[in-house]
Amino acid sequence: MFHKNLSELGWEKVKKRQLHRLPLVDEWIELIQMKSGYSVLDIGPGPGVFTQRYAKVVGITGKVTALEKSEEAIGYLTEELKQAESHIEIILGDAENAVVHDQGSFDIVMLTDVLHHTDSPARVLKNLYNNRHTKNARVLIAEFDPKSEGEIGPPLEKRLRENDLYDLLQHIGFTILSSGKQMFEHYYIIAIRNQRT
């Protein structure tokens, strides 16, 4: 059964799913060229397994800001972070309505396994495009591929088609830097705001 709101599934189960997909995270980090000292915005971190991995990469000279709309997920992530020294800032907010304000600028935005849970992927992407804190950031979007087997993740009919997402990004004004297929029935797209606008 597909849960658009993952809090209905339970954050411990979501954490197990994220742990299973850690090899994807390592590939995303390499693809987006995340490095020590970078400032990263992670949208929709849920229990924060991926977020914590990003924090290890950027190190103490970098920063990870986690934007999460679920208060339950924030509570879970806060508890998880108590057990580890962390430089992750958690913000309650919905990327469909706003991204972040007064957080400084970001080098990278991670939008992974999130858009198929939103009511309007276009609003999320437009907010990213229009936010001055993300204007120079490289954006990595990863989603479940509807052309795959459908053995893990959301049902095939709930997945976003890569071509549709590609067209939407370009329509909004993003430039596509790269894209490709991945394991765990995923694809990724890396984009940046078109600097001509």
Side-chain angles (χ1 to χ4, degrees), residues 1-34 38-59 62-96 106 108-118 121 124 128 138-146 148-156 158-160 162 165 180-190:
M1 178 178 191
F2 176 65
H3 297 274
K4 191 165 194 156
N5 178 353
L6 288 178
S7 62
E8 296 171 9
L9 185 62
W11 295 111
E12 195 61 37
K13 283 186 179 180
V14 177
K15 178 183 176 181
K16 287 179 183 176
R17 289 178 177 184
Q18 287 186 346
L19 286 167
H20 180 70
R21 294 194 307 268
L22 274 177
L24 270 178
V25 178
D26 295 332
E27 187 177 353
W28 295 334
I29 288 167
E30 185 177 319
L31 286 165
I32 200 73
Q33 300 174 5
M34 190 182 296
Y38 275 24
S39 179
V40 176
L41 173 61
D42 186 19
I43 297 178
V49 172
F50 303 165
T51 312
Q52 292 180 66
R53 183 77 95 190
Y54 306 147
K56 286 181 183 176
V57 173
V58 301
K63 179 180 175 185
V64 175
T65 302
L67 179 67
E68 176 57 60
K69 70 179 185 177
S70 165
E71 291 184 29
E72 294 87 7
I74 287 176
Y76 187 95
L77 178 54
T78 301
E79 282 300 312
E80 289 284 304
L81 295 178
K82 284 181 181 178
Q83 301 170 14
E85 189 175 319
S86 173
H87 44 282
I88 298 171
E89 180 177 5
I90 306 168
I91 298 174
L92 177 64
D94 185 345
E96 287 187 70
F106 296 99
I108 293 172
V109 176
M110 302 299 286
L111 190 56
T112 58
D113 294 342
V114 170
L115 289 176
H116 66 274
H117 289 287
T118 66
V124 173
L128 274 178
R138 290 187 315 278
V139 180
L140 186 141
I141 301 165
E143 281 292 329
F144 286 94
D145 190 348
S148 60
E149 302 295 318
E151 293 178 6
I152 61 170
L156 295 175
K158 300 289 184 184
R159 299 177 182 196
L160 301 172
E162 183 178 358
L165 191 50
K181 302 291 186 192
Q182 297 182 283
M183 61 185 133
F184 299 106
E185 301 190 10
H186 275 70
Y187 65 86
Y188 75 89
I189 298 172
I190 297 175

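Here the structure is a predicted model, which is why all the values come from computation and not from measurement.
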Trainee: Between CG of Leu77 and NZ of Lys82, what distance do you get to the nearest 0.5 Å?
Mentor: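 That separation rounds to 11.5 Å.
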Trainee: Rounded to the nearest 0.5 Å, how far does CZ of Phe184 lie from CD1 of Ile152?
Mentor: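 Reported to 0.5 Å precision, the distance equals 6.5 Å.
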Trainee: Does some side-chain heavy atom of Val25 sit less than 4.5 Å from a side-chain heavy atom of Gln18?
Mentor: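 Gln18 does not reach Val25 side chain to side chain.
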Trainee: State, to 0.1 Å, how close Gly93 and Leu67 come at their nearest heavy-atom pair, and which atoms those are.
Mentor: CA-CD1, 3.7 Å
Trainee: Show the nearest heavy-atom pair for residues Gly62 and His87, with the distance to one decimal.
Mentor: O-CD2, 3.4 Å
Trainee: Is any side-chain heavy atom of Glu143 less than 4.5 Å from a side-chain heavy atom of Arg159?
Mentor: no
Trainee: Let's go through Tyr187 and Leu160 carefully: what are the C-alpha distance in whole Å and the side-chain angles of both, what is the deciding distance for side chain to side chain contact (heavy atoms under 4.5 Å, CB included) to 0.1 Å, and is it a yes or a no?
Mentor: CA-CA 10 Å; Tyr187 65 86; Leu160 301 172; 3.8 Å; yes
Trainee: Once you round to the nearest 0.5 Å, how far does OG1 of Thr51 lie from CG of Leu81?
Mentor: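 Rounded to the nearest 0.5 Å, the OG1-CG separation comes to 8.5 Å.
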Trainee: Which atoms form the tightest heavy-atom contact between Leu156 and Ser148, and what is the distance?
Mentor: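 Taking every non-hydrogen atom into account, CD2-O, 3.7 Å.
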Trainee: Can you name the nearest heavy-atom pair linking Trp11 to Gly46, along with the distance?
Mentor: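 Looks like CZ3-CA, 3.7 Å.
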Trainee: So which heavy atom on Ala66 is nearest to which on Ile88, and how close?
Mentor: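 Smallest interatomic distance, heavy atoms only, reads CB-CG2, 4.3 Å.
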Trainee: With a 4.5 Å limit on heavy-atom distance, are the side chains of Tyr54 and Met110 in contact?
Mentor: yes
Trainee: Give the intermediate values and the outcome of side chain to side chain contact (heavy atoms under 4.5 Å, CB included) for residues Val58 and Val64.
Mentor: CA-CA 8 Å; Val58 301; Val64 175; 3.8 Å; yes
Trainee: Supply the atom-to-atom distance Glu12 CD to Tyr76 OH, rounded to the nearest 0.5 angstrom.
Mentor: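 Interatomic distance, Glu12 CD to Tyr76 OH, rounded to 0.5 Å: 3.5 Å.
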Trainee: Under 4.5 Å between any side-chain heavy atoms of Gln33 and Tyr38, yes or no?
Mentor: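 A side-chain contact is absent here, since even the closest heavy-atom pair is not under 4.5 Å.
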Trainee: Flag yes if more than 12 heavy atoms outside Lys181 fall under 6.0 Å of its NZ atom; otherwise flag no.
Mentor: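 Yes - once you tally the heavy atoms of other residues, nucleotides and ligands closer than 6.0 Å, there are more than 12.
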Trainee: Working to the nearest 0.5 Å, report the span between CG of Leu92 and CD of Glu68.
Mentor: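 Going from the CG atom of Leu92 to the CD atom of Glu68 covers 8.5 Å.
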Trainee: Please examine the side chains of Met34 and Trp28, heavy atoms only from C-beta on, and report whether any two atoms are closer than 4.5 Å.
Mentor: no
Trainee: Keeping Glu149 on the side-chain end and Glu185 on the backbone end, is there a donor-acceptor pair under 3.5 Å?
Mentor: no
Trainee: Could you check if a side-chain atom of Val114 sits within less than 4.5 angstrom of a side-chain atom of Val124, using non-hydrogen atoms only?
Mentor: no
Trainee: How about Glu71: does its CD atom have over 12 heavy atoms from other parts shown lying under 6.0 Å from it?
Mentor: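 Counting other residues, nucleotides and ligands, CD of Glu71 stays at 12 neighbours or fewer.
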Trainee: Determine whether a donor-acceptor pair (N or O, by modelled atom type, separation under 3.5 Å) exists between the side chain of Arg138 and the backbone of Ile190.
Mentor: no
Trainee: Heavy-atom distance under 4.5 Å between the side chains of Leu128 and Ile43, does that happen here?
Mentor: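 Yes, their side chains come closer than 4.5 Å.
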Trainee: Decide salt bridge (charged side-chain N to carboxylate O under 4.0 Å, His left out) for Arg21 and Asp113; before the verdict, give the C-alpha distance in whole Å, the side-chain angles of both, and the deciding distance to 0.1 Å.
Mentor: CA-CA 11 Å; Arg21 294 194 307 268; Asp113 294 342; 2.9 Å; yes
Trainee: Using 30° and 60° as the class boundaries, would you call the ring planes of Phe144 and His186 parallel, tilted or perpendicular?
Mentor: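 The rings of Phe144 and His186 sit tilted, inter-plane angle from 30° to 60°.
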Trainee: Can you measure from CD (Gln52) to CG (Asp42) and round to the nearest 0.5 angstrom?
Mentor: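 Rounded to the nearest 0.5 Å, the CD-CG separation comes out at 10.5 Å.
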Trainee: For the residue pair Thr78 and Ile90, establish whether any side-chain heavy-atom pair is separated by less than 4.5 Å.
Mentor: yes
